[in-house]
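The structure appears below as structure tokens.
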Number of protein chains: 2
Amino acid sequence: MNSAPQPLYRQVKEHVLRQIRSGDWPTGHRVPSENRLVEEFGVSRMTVNRALRELADEGVLRRLQGVGTFVARPSRQTSLVELRDIADEIRSRGRVHRARMTARGRVPTTAVLHQRFEDASLGHLFHLVLVHLENEVPVQIEDRYVHPQVAPQFFDQDFEHVTPTEYLLSITPVSELEHVVRATVPNATERALLELGIHEPCLVVHRRSWSWGRVATDVTLTYPASRYELRGRHRTSPTGTLDGVQHAAS
Amino acid sequence: MNSAPQPLYRQVKEHVLRQIRSGDWPTGHRVPSENRLVEEFGVSRMTVNRALRELADEGVLRRLQGVGTFVARPSRQTSLVELRDIADEIRSRGRVHRARMTARGRVPTTAVLHQRFEDASLGHLFHLVLVHLENEVPVQIEDRYVHPQVAPQFFDQDFEHVTPTEYLLSITPVSELEHVVRATVPNATERALLELGIHEPCLVVHRRSWSWGRVATDVTLTYPASRYELRGRHRTSPTGTLDGVQHAAS
DNA sequence: AAGTGGTCTAGACCACCAG
DNA sequence: TGGTGGTCTAGACCACTTT
């Protein structure tokens, strides 16, 4: 099954992430020096260097020449596109939320999913398709994949009463979010599920959430353009651009 | 001035980006092999490997084991969270940015604009419409209103060379941002400016920026759905705050 | 002076793909 | 079979910070 062994630099990265996940290495904790890790793992310094450099590029670690390597602060900034539960949103507008399940099961992991979950050893994933209705009008298709180790009891839940978002937030913290937003022309299935007119475009949000250093869930949310828009408002720090610039430069 | 010489791997990266920018290496072009670049630059293969690997990680190149390295299709993503200059984005992908101005002038403030600028005493506003092109392909309509007191010399700028975003960021800090994202069917004007096919939807971002406690600028960005998507990625903070190490770091 | 990270070399072995 | 990228080694020199 698990044919390909992880490269050494990945093993070192995983080791560091495990220490951080477990809480043994809190924010600001000093990571062993490269030479120390070379001894521990019996690998060359270039290999350790690549592992630590990539983790620094990803924002997990902070490195200071002549000083050392430290566990980075989990960042400033709150979300623009927040992780809101659609059932909450609908209820807060005084409407009635209902969810209809149209697919549910374990699925084998395809090449694309391996890539999106950044984990080549994943055997299968939980998969789910829900249609969310506001006062019986469909407003969102939720097409979700979930890492089975993050939520082993995922399918014990009743997702017509507790949304996947609500459940997942209750069992695991989200450390990182990625959103990709597109406008699309829906296919026939989507048009039917959302009861759309012809030529009506959709807004598609593709979202990945990280927990404990790995991708926990990957969800595609499809909204009818005529019935939904996305809104975000947040304060910025005037000095906040420096990190990004440095990162972009490298 | 420029005391520190660039590391070799950076020089290799810059060389590749220059070829792409100049158009010598179009999308899909085969990049010389690592061994070939080793000869050209007189550096070790590890150095070339790091350059090409980082460019692949950044989405500029595509690498296939046993086959070769190729110039990737431009992803044309823009940030949801940050306020990035589109010219910067395009250049960082190794493409050529150009802007075409299609409207420019002072306009009287309508009721809607009074509302959006949250200022009933505003007499007039600066208004501007630009089309941004990536390698001569239109990718964004920028329809912008600017508060005259925030940028009195706004129209002294040459906006085909310095983008409004770049200019405004240079003269004033942004303290707050609001984004509204929609999917729309473009009207005839928009379809012409973006050279769109029939029934092709657009992604519309409506953004307001605050400076010095008031709305500084209100801009509507229209993207062809087929050529652009919006991306946002950020960390949330489940764990504690910073400590002495981080302080010493900054 | 000692330790840290940043970079670089000149080899090497491997998996993969094309002819 | 030859070329490609993916990884790894065992050194090395350097800039930098702390002691």
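Chain letters run A, B, ... following the sequence lines, proteins first, then strands; residues in each count from 1.
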Grab the [atom1]-[atom2] distance between [X] and [N] for me, whole Å please.
X: B/Asn35; N: C/dT9; atom1: CG; atom2: C1'; result: 14 Å
X: A/Lys13; N: D/dT7; atom1: NZ; atom2: P; result: 10 Å
X: A/Arg36; N: C/dT4; atom1: CZ; atom2: P; result: 10 Å
X: A/Glu34; N: C/dG6; atom1: CD; atom2: P; result: 7 Å
X: A/Arg30; N: C/dG5; atom1: CZ; atom2: C1'; result: 11 Å
X: A/Arg50; N: C/dG6; atom1: CZ; atom2: P; result: 15 Å
X: B/Met46; N: D/dG11; atom1: CE; atom2: P; result: 16 Å
X: A/Leu52; N: C/dG3; atom1: CG; atom2: C1'; result: 16 Å

Please state whether the phosphate of [N], meaning OP1 or OP2, lies under 4.0 angstrom from any side-chain nitrogen or oxygen of [X].
X: B/Ser44; N: C/dG11; result: no
X: B/Thr47; N: C/dT9; result: yes
X: A/Tyr9; N: D/dT7; result: yes

Mutual orientation of the aromatic rings belonging to A/His124 and A/Phe126 [parallel < 30°, tilted 30-60°, perpendicular > 60°] | tilted

Quick one: sort the B/Trp25 and B/His15 rings into parallel, tilted or perpendicular, breaks at 30° and 60°.
-> perpendicular

Between the side chains of A/Arg182 and A/Thr220, is a donor N or O closer than 3.5 angstrom to an acceptor N or O?
-> no

Nearest to the side chain of [X], which nucleotide is it out of [options]?
X: B/Ser33; options: D/dT7, C/dT9, D/dT4; result: D/dT4
X: A/Arg63; options: C/dA10, D/dA10, C/dG5; result: C/dG5
X: A/Asn49; options: C/dT7, D/dT4, D/dT7; result: C/dT7

For B/Leu64, which contact category applies under a 4.0 Å heavy-atom criterion: base, sugar-phosphate, or nothing?
-> sugar-phosphate

Charged N-O contact under 4.0 Å between A/Arg50 and A/Glu54 | yes

Note: A/Arg214-A/Glu118 ion pair, threshold 4.0 Å (strictly below) | no

Mind checking whether A/Glu34 and A/Arg53 have side chains closer than 4.5 Å, heavy atoms only?
-> no

In B/S/- notation (B base, S sugar-phosphate only, - none; protein heavy atoms under 4.0 Å), nucleotides 12-19 of chain C written 5' to 3' is B--BBB--

Within 6.0 Å of CD in A/Gln115, more than 12 heavy atoms from elsewhere = no

